[in-house]
Amino acid sequence: MSNRMWGGRFSESPDAIMEEINASVDFDKALARQDIAGSRAHAAMLAKTGIIATQDAEKIGDGLQRIKAEIEEGRFSFSRSLEDIHMNVEARLAELIGEAAGRLHTARSRNDQVATDFRLYVRDALDEIDGQITALMLALARKAEAHAGTVMPGFTHLQSAQPVTFGHHCLAYVEMLARDRGRFADARARLNECPLGSAALAGTAFPIDRQMTAKALGFSRPTANSLDAVSDRDFAMEALAAASICAVHLSRLAEEIVMWSSAQFRFVTLSDKFTTGSSIMPQKRNPDAAELVRAKPGRIIGALNALLIVMKGLPLAYCKDMQEDKEPVFDALPSLSLCLAAMTGMIADMQPNEAVMRAAAGTGFATATDLADWLVREAGLPFREAHHVTGRIVAEADARGLELAELPLEVLRKLHGGIDERVYDVLSVDASVASRTSEGGTAPGNVRERARHWLSSLQDAAKQTADPGQGRL
Ligand code: ARG
């Protein structure tokens with residue numbers, strides 16, 4: 001039998017391979033909830049505008065509710081010969097309510113239908129991700145407040161550079177994640193226009209009310225151009241671009257956690273909940289969750305690439321190529337959600353080892369810049385000369401196997417006569433971090449203040465987030 005939905009002019013059934021390459025229901029059933037919501041809004045609009053009878057719209061609405069329940073309860077049988085989620089739902093509707101089902105597709109095409117469903121899916125995913133980023137930022141801000149004065153080595157080139165506070169380090173990620181949230185919010189705002197009513201590509205002659213369906217589905221407005229609406233997927237690209245950047249941020253934190261939790265660093269201890277043991281080496285506590293978060297950008301950036309390449313060079317309007325838009329998104333956005341959840345758990349449970357970090361902060365001549373700055377301030381040296389003198393002091397300390405604060409005053413004075421005992425005030429790691437009071441600097445007072453700023457604004461944001469995890473089918 002030829003296809004029930006579009007087979008009018010066909011006499012033969014598709015080849016088995018054709019069915020295999022063409023069918024998308026195995027993956028686009030993830031759009032079921034959005035598809036049903038879109039169809040309900042469309043049917044209600046068709047009735048309100050008098051395009052279909054109210055009784056038919058009611059039957060359609062009831063039938064769609066039953067189908068939703070069947071899918072949610074795993075009682076729905078998806079058929080590949082019906083190609084995709086849209087036709088699976090419509091065919092089942094016909095089984096349930098008969099002739100009225102055939103009226104649902106009036107003034108609509110699968111092209112505007114799938115564009116609408118996919119926007120709804122991405123929007124749901126972005127809302128979930130927004131709530132999860134907020135939760136991670138809160139976990140980091142809590143650690144930052146608790147450790148505003150916990151000294152650790154700050155690195156450049158992964159070499160000890162200057163002491164910083166652990167709280168400051170945590171807040172660096174909070175700032176990155178805040179920008180990620182901003183990128184997702186921007187993407188959401190641009191995404192939030194409703195394609196429904198664009199029909200196949202040119203709009204429709206039926207007197208539809210696009211404002212009504214847009215509003216019913218929570219969109220800000222209908223899209224302005226039917227060709228654009230059915231054929232662009234930039235909203236998904238943008239979501240994946242933001243997801244890629246966020247995943248890269250998470251992977252950097254993940255890498256630091258892997259390093260920090262190693263026996264060589266011992267800066268933090270991870271909880272049992274986010275580590276695994278080794279089947280052969282009993283001493284091991286492996287940071288698997290952090291390693292996986294470190295790895296996930298591979299697939300998330302891969303998804304962005306895949307979608308960009310699918311869309312590149314496609315003529316307007318809809319092309320079947322665009323069916324390849326979904327799997328990358330269905331893989332990447334839930335992967336990012338999982339990374340955010342795992343990272344939030346790891347951060348909340350993580351125990352910083354303050355003594356180890358403090359000891360490490362004092363090694364590697366980490367207060368050399370403080371010494372140079374002191375020479376500028378107290379001995380009146382130009383910075384370049386102070387840098388040079390400090391370099392010689394570091395070489396002397398290195399040769400003696402001492403840290404800067406351990407060098408006797410007479411040794412320091414031999415290298416520069418302007419030095420007096422007050423210099424020791426700046427050579428300790430605590431004095432170093434306490435002096436960094438410039439805006440955005442690592443001084444504990446700054447860190448505490450910024451952590452509190454985030455805690456209060458994020459707690460408000462978390463309260464306002466309306467049910468972020470509605471869940472997807
Ligand atoms: N499954 C299709 C997709 O995901 C739905 C749209 C089909 N439209 C068409 N004209 N064949 O792209």
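Counting starts at 1 for both ligands and their atoms, following the listed order.
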* Kindly tell me which protein residues have any non-hydrogen atom under 4.0 angstrom away from an atom of ligand 1, grouped by chain and ordered by number? => Ser24, Asp28, Asp84, His86, Arg110, Asn111, Val114, Tyr318, Gln323, Lys326
* Donor-acceptor contact present, side-chain Thr223 to main-chain Asn225, <3.5 Å -> no
* Nearest heavy atoms of Phe235 and Ala115, plus distance in Å ->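 Here Phe235 and Ala115 meet closest at CZ-O, 4.4 Å.
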* **More than 12 heavy atoms of other groups within 6.0 Å of Leu314 CG** =>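 Result for CG/Leu314: enclosed.
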* Check Asp117, Asp124, Thr116 against Gln34 for a side chain to side chain donor-acceptor pair (under 3.5 Å) and give me the one that passes. => Asp124
* Please identify each residue that fulfils side-chain contact (heavy atoms from CB on, under 4.5 Å) with Ala100, with sequence neighbours left out. => Asp56, Lys59, Ile97
* **Option among Met87, Gln113, His86, His42 that satisfies the side chain to side chain contact (heavy atoms under 4.5 Å, CB included) test with His105** => Gln113
